[in-house]
Amino acid sequence: LDANQGAMILSHVPEEMRRSVLEHLPESTKHRIQELMIYPNNSAGRIMNTDFLAFHGDLTVKDAIQRIRTLGQRKPPTTYAYVIDAEHRLLGVINMWDLLLAPTTSKLEYVVRKDVFSVNGFMDREEVANELSVSEDVIDMVDIRTSSPLLQQQISTHGRRLRGQQ
């Protein structure tokens, strides 16, 4: 069960049934659904994707590439990864092209793109869609709430889901 689909379905059932369903789900799925359900129905956070790739900034390019190769055997390929600091705050984003061209001994924190469009996950979808309409080069955005223990989620390509398009 996809966490986004699960959160959407469970938001329409009574609380008692919701708890019962959640008890029978694998722990990781249950946790991701519960994370999404803290956001209001019309918020950007409710439709964020919780599956993303993140590396610590002190990791070398060579080590990141090796980890991507290992992960690629179990997960679909990705075109970019988030880079976080020791406190799990977002440092930036690195696309796979830049990663492959960077010197293998470089630390990720020195080769990331730091100009990331970010939003608060509690922000209304319409507000986010309006902000997206101003910027043509936004691919994904990130909820980087300061109270977050880890980089939270991303919103899918060009905000199509924000505007009700799939």
K.L.:
Any donor-acceptor pair under 3.5 Å linking the side-chain atoms of E35 with those of H31?
P.N.:
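Yes, a side-chain donor-acceptor pair sits under 3.5 Å.
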K.L.:
Mark yes or no for whether R46, through its side chain, and M8, through its backbone, hold a donor-acceptor pair below 3.5 Å.
P.N.:
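Side chain of R46 to backbone of M8, a donor-acceptor pair under 3.5 Å: no, none is there.
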K.L.:
Given side chains that start at C-beta, do those of I38 and Q34 come closer than 4.5 Å, heavy atoms only?
P.N.:
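Answer no - side chains too far apart.
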K.L.:
Drop me the distance from N4's CG to I47's CD1, to the nearest 0.5 angstrom.
P.N.:
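If we round to the nearest 0.5 Å, N4:CG and I47:CD1 are 8.5 Å apart.
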K.L.:
Whether E15 and R19 form a salt bridge (side-chain N of Lys/Arg under 4.0 Å from carboxylate O of Asp/Glu) is what I want to check.
P.N.:
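Result for this pair is yes, salt bridge flagged.
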K.L.:
If I take atom OG from residue S43 and atom CZ from residue R125, how far apart are they, to the nearest 0.5 angstrom?
P.N.:
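Answer rounded to 0.5 Å: 7.0 Å.
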K.L.:
With heavy-atom distances below 4.5 Å as the criterion, would you say the side chains of N42 and E126 are in contact?
P.N.:
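Counting from C-beta outward, N42 and E126 never come under 4.5 Å.
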K.L.:
List the atom of G57, the atom of V83, and the distance in Å for their closest heavy-atom pair.
P.N.:
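The pair with the smallest heavy-atom distance is CA-CG1, 3.5 Å.
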K.L.:
Hey, are the side chains of L99 and L108 touching, using non-hydrogen atoms and a 4.5 Å cut-off?
P.N.:
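The answer is yes; the side chains approach within 4.5 Å.
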K.L.:
What's the separation between atom NE2 in H12 and atom CG in N41, rounded to the nearest 0.5 Å?
P.N.:
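Going from the NE2 atom of H12 to the CG atom of N41 covers 7.0 Å.
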K.L.:
Show the nearest heavy-atom pair for residues K30 and L22, with the distance to one decimal.
P.N.:
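Result for this residue pair: CD-O, 3.4 Å.
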K.L.:
Counting distance only, does the side-chain N/O of R18 pair as donor-acceptor with the main-chain N or O of L10 below 3.5 Å?
P.N.:
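Yes; judged by distance alone, with no hydrogens or angles, the pair exists.
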K.L.:
Using modelled atom types only, decide if a donor and an acceptor are shared between the side chain of K107 and the backbone of D58 within a distance under 3.5 Å.
P.N.:
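Checking the backbone N and O of D58 against the side chain of K107, a donor-acceptor pair under 3.5 Å is found.
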K.L.:
Are L53 and L71 side-chain neighbours, meaning at least one heavy-atom pair lies under 4.5 Å?
P.N.:
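Result yes, sub-4.5 Å side-chain heavy-atom pair found.
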K.L.:
Assess the residue pair I33 and L25 against the criterion (side-chain contact (heavy atoms from CB on, under 4.5 Å)); give the C-alpha distance rounded to whole Å, side-chain angles, the decisive distance to 0.1 Å, and a yes or no.
P.N.:
CA-CA 10 Å; I33 289 172; L25 293 175; 3.7 Å; yes
K.L.:
Tell me whether M37 is reachable from M17 by hopping between hydrophobic residues (I, L, V, M, F, W, Y) whose side-chain heavy atoms are closer than 4.5 Å.
P.N.:
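The answer is yes; both residues are in one hydrophobic cluster.
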K.L.:
Is S20 reaching over with its side chain to a backbone N or O of E16, donor-acceptor style, under 3.5 angstrom?
P.N.:
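Checking the backbone N and O of E16 against the side chain of S20, no donor-acceptor pair under 3.5 Å is found.
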K.L.:
Could you check whether any side-chain heavy atom of D63 comes within less than 4.5 Å of a side-chain heavy atom of F55, counting everything from C-beta outward?
P.N.:
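In short, these two side chains do not touch, never coming nearer than 4.5 Å.
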K.L.:
Under a single-linkage definition using a 4.5 Å side-chain heavy-atom cutoff for Ile, Leu, Val, Met, Phe, Trp and Tyr, are L100 and L59 assigned to the same hydrophobic cluster?
P.N.:
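Yes, L100 and L59 fall within the same hydrophobic cluster.
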K.L.:
Describe, in one word, how the ring planes of H56 and H88 are oriented to each other, choosing from parallel (under 30°), tilted (30 to 60°) and perpendicular (over 60°).
P.N.:
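Ring orientation, 0 to 90° scale: perpendicular.
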K.L.:
Taking all heavy atoms of S106 and all of V111, pick out the closest pair and write down the distance.
P.N.:
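Residues S106 and V111, closest heavy atoms: CB-CG1, 4.1 Å.
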K.L.:
Measuring from Y110:OH to L91:CG, what's the distance to the nearest 0.5 Å?
P.N.:
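One finds 10.5 Å between OH of Y110 and CG of L91.
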K.L.:
Output the distance between atom CD (Q73) and atom CD1 (I68), rounded to the nearest 0.5 Å.
P.N.:
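Rounded to the nearest 0.5 Å, the CD-CD1 separation comes to 13.0 Å.
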K.L.:
What's the shortest heavy-atom distance between L36 and A7, and which atoms?
P.N.:
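L36 and A7 have their closest heavy atoms at CB-CB, 3.9 Å.
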